[in-house]
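The block underneath contains the structure these notes are about, expressed in C-alpha cells.
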2 protein chains.
Amino acid sequence: MTERPPHGSARPGGRTARTRAAVLAAAYEELDRDSFAALTLDRLARRSGVHVSTIRRRWRTVEGVVVDLLAEHSSTLPTPDTGDFRRDLTQLTQAIADFNNALRNRNVIQGLLAAAAHDSRVEEIVRAAFVRRTEEVTLIARQAVERGEIPEGTEAREVIAALAAPLYYRMLILRGPIDERLVHTSVEATYQAARSGVFVPKGDGKGDRKGDPEG
Amino acid sequence: MTERPPHGSARPGGRTARTRAAVLAAAYEELDRDSFAALTLDRLARRSGVHVSTIRRRWRTVEGVVVDLLAEHSSTLPTPDTGDFRRDLTQLTQAIADFNNALRNRNVIQGLLAAAAHDSRVEEIVRAAFVRRTEEVTLIARQAVERGEIPEGTEAREVIAALAAPLYYRMLILRGPIDERLVHTSVEATYQAARSGVFVPKGDGKGDRKGDPEG
C-alpha cells in the first residue's frame, strides 16, 4: 500500500541527512513517552521542527518512519564473551530483555509488525534485521562448541532463536513484561537443550526427523 | 483510534447474527487467498454481500473485523491426551504449527498484532485469547506431574509458553514457515527442561532468583 521510503538519497551530512536525523530522533522520543498508536506525522513535525509535508513526502506514514528507525538502531546488542556458555547466555538474554522492556524499543517492534502486516516489503526488512542481529551473537554458541561445552555440529542460530523466542512471545503474544523469571527459564531451557544435543541436526544435517515422536 | 466494535448486540439467530456470520466468513476466505494488507472493507462487502456502509458502521476497520474473527476462532486447539508427556507435547506443537502455517490463521494473527499496535484495547483482547487457549492445554503438563514424568510444582503455563514461543518467533520475527525441525527442537528443549525442573519456581514460589547466574 505505502511506497518504499527513499533512504538518505542525498549526500551524507547534508540537509537531507540532518532532516532524517531530526525526524528519527523525534520518533524515538515520542515512542519513549507514548504508544505507537499515538504517533502521528503531526506530532513528529512538532517535535522535530521539520514540516509535516516534508515528513509525509519522505516517509509517507508513521510506519515508514519506524522502519527507517529500525535501520538506524538494529545493531545495538553486544555479544557477551565471558568464557562460560551459561554466563554468556544469561548476559545476552538480559540484554535482550532490557532492550525490549524499554518502552520505545517495544513500541518500535510493535510498529514494525504492524507495518509488516500492511506492507509485505516491510516483512523482508524486519526479517533481515533480526537475522543479521542473530548472526552476530551466534558467536556465543560457536565458542561454546570450541570450548567443548556443547556438542560439535550444534546449529548456533537455533540456540539463539531458542533463547530469544520466549521473550518475544511474552512481549508480543502474552503482552507482558519480560521479568527475571523468564530470563532464567529461557537461559536454563536453552542451556540444557544445547548441552544435550537438541540443536545438532540429525541425519543429512538438515534436521530431517520423520515419524519418530519418541526421539 | 478505532471504536470498539459492538459484538452481536441484537438477538442471536437474527439478522445481525447472520450479517456478522457472513462478514466473518468472507474475511476468513479472503485471508486464505491473500495477505492481510490486501484486505479491504470493499472486498469484504463484495464477498459477503453485506453493504460496505453496514460493515463500516459495525466494525469501523478491517482490524475490527479481524479482532471479531479471533473471538470466533480462538478455541480450536485440541488438548492431546496420549498418556505420554513427550507424545502430548509433540501432538500439541504439531497442532500449533499446522494452525499457524495455514495462511488465513497466520494472516489473522498478523492483523491482530497490527490492530493491537494501533489500539491498546485490542492488546487486552489478544492477551486474553492466548491466555485462555494456554490455560486449556496446560492439562498436558498437569497430567505429566500426576504421572510422575515431570517434577511436582512445575508451572504448567511456563511449559506451554516454552513450547509455543519458538513457533511464534519463527512466524512473527524471522517471518518463516514452522517446519518439522522446529517442531522437534521445541518439543525436545521443552521436554528436557521440564524433566529437569526448570519450570519449578524456586524460593517463594514466585520464581525469584537473584544474583546467581550459575544456577
Side-chain angles (χ1 to χ4, degrees), chain A residues 1 35-37 84 86-87 90-91 107 110-111 113-120 123-124 126-127 130-131 134 158 161-162 164-170 172-176 179-182 184-194 196 198-199 201-202 206-210 213-215, chain B residues 1 35-37 84 86-87 90-91 107 110-111 113-120 123-124 126-127 130-131 134 158 161-162 164-170 172-176 179-182 184-194 196 198-199 201-202 206-210 213-215:
Chain A
M1 311 286 236
S35 70
F36 173 75
D84 177 84
R86 188 188 247 148
R87 205 175 288 132
T90 302
Q91 288 192 5
N107 280 331
Q110 296 188 359
L113 295 187
H118 287 290
D119 182 346
S120 60
E123 270 210 287
E124 180 49 29
V126 172
R127 201 194 61 75
F130 278 93
V131 165
T134 300
E158 291 185 1
L167 282 56
Y168 286 90
Y169 184 78
R170 173 71 60 86
L172 297 172
I173 300 294
L174 301 181
R175 314 298 285 196
D179 56 18
E180 203 180 342
R181 170 79 187 151
L182 185 64
H184 167 65
T185 56
S186 294
V187 167
E188 288 305 311
T190 304
Y191 177 73
Q192 295 187 18
S196 66
V198 169
F199 303 120
K202 303 285 191 294
K206 284 178 176 164
D208 66 327
R209 188 194 136 85
K210 297 185 181 80
E214 293 297 300
Chain B
M1 309 284 236
S35 70
F36 173 75
D84 177 83
R86 189 188 246 149
R87 206 176 287 129
T90 302
Q91 287 191 5
N107 280 331
Q110 295 188 0
L113 294 187
H118 287 291
D119 183 346
S120 61
E123 270 211 287
E124 180 51 29
V126 172
R127 201 193 61 74
F130 279 92
V131 165
T134 300
E158 291 185 1
L167 282 57
Y168 286 90
Y169 183 78
R170 173 70 61 87
L172 298 172
I173 299 292
L174 300 181
R175 315 297 286 194
D179 56 18
E180 204 181 338
R181 169 79 189 154
L182 185 65
H184 167 64
T185 57
S186 294
V187 168
E188 288 306 311
T190 304
Y191 177 73
Q192 295 189 18
S196 66
V198 168
F199 303 120
K202 304 284 189 295
K206 284 180 176 162
D208 65 327
R209 188 193 137 86
K210 299 185 180 80
E214 293 299 300

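Letters go in sequence order (proteins before strands), and every chain restarts at 1.
- Checked against side-chain hydrogen bond (donor to acceptor under 3.5 Å, both in side chains), A/Gln91 has no partners two or more places apart in sequence or in another chain.
- Between A/Arg175 and B/Val131 the shortest side-chain heavy-atom distance does not fall below 4.5 Å.
- Contacts with chain A were tallied for B/Leu167, B/Leu172, B/Ile173, B/Thr185; B/Ile173 has the most, counting heavy-atom pairs under 4.5 Å.
- Scanning both residues, A/Val198 and B/Arg181, for their nearest heavy atoms gives O-NH2, 3.1 Å.
- When heavy atoms are compared at a cutoff of 4.5 Å, B/Ala115 does not approach chain A at all.
- If you take CZ on B/Phe130 and CG on A/Leu174, they are separated by 8.5 Å, rounding to the nearest 0.5 Å.
- There is no contact between B/Ser186 and chain A, counting heavy-atom distances below 4.5 Å.
- Contact of A/Ala194 with chain B is not made at all, since no heavy-atom distance falls under 4.5 Å.
- Within the 4.5 angstrom heavy-atom criterion, atoms from both the backbone and the side chain of A/Ala189 approach chain B.
- Here B/Arg170 contributes atom CZ and A/Tyr168 contributes atom OH; the two are 15.5 Å apart, rounded to the nearest 0.5 Å.
- Between B/Asp119 and A/Ala37, the shortest heavy-atom distance links the atoms N-CB, 4.1 Å.
- Contacts between B/Glu123 and chain A at a heavy-atom distance below 4.5 Å involve backbone atoms as well as side-chain atoms.
- Inspection of the B/Ser196 and A/Gln192 side chains reveals an N or O donor paired with an N or O acceptor under 3.5 Å.
- Neither the backbone nor the side chain of A/Thr190 comes within less than 4.5 Å of any heavy atom of chain B.
- A/Ala114 is linked by a side-chain contact (heavy atoms from CB on, under 4.5 Å) to A/Phe36, B/Ala114, B/Ala117, B/His118, counting only residues two or more places apart in sequence or in another chain.
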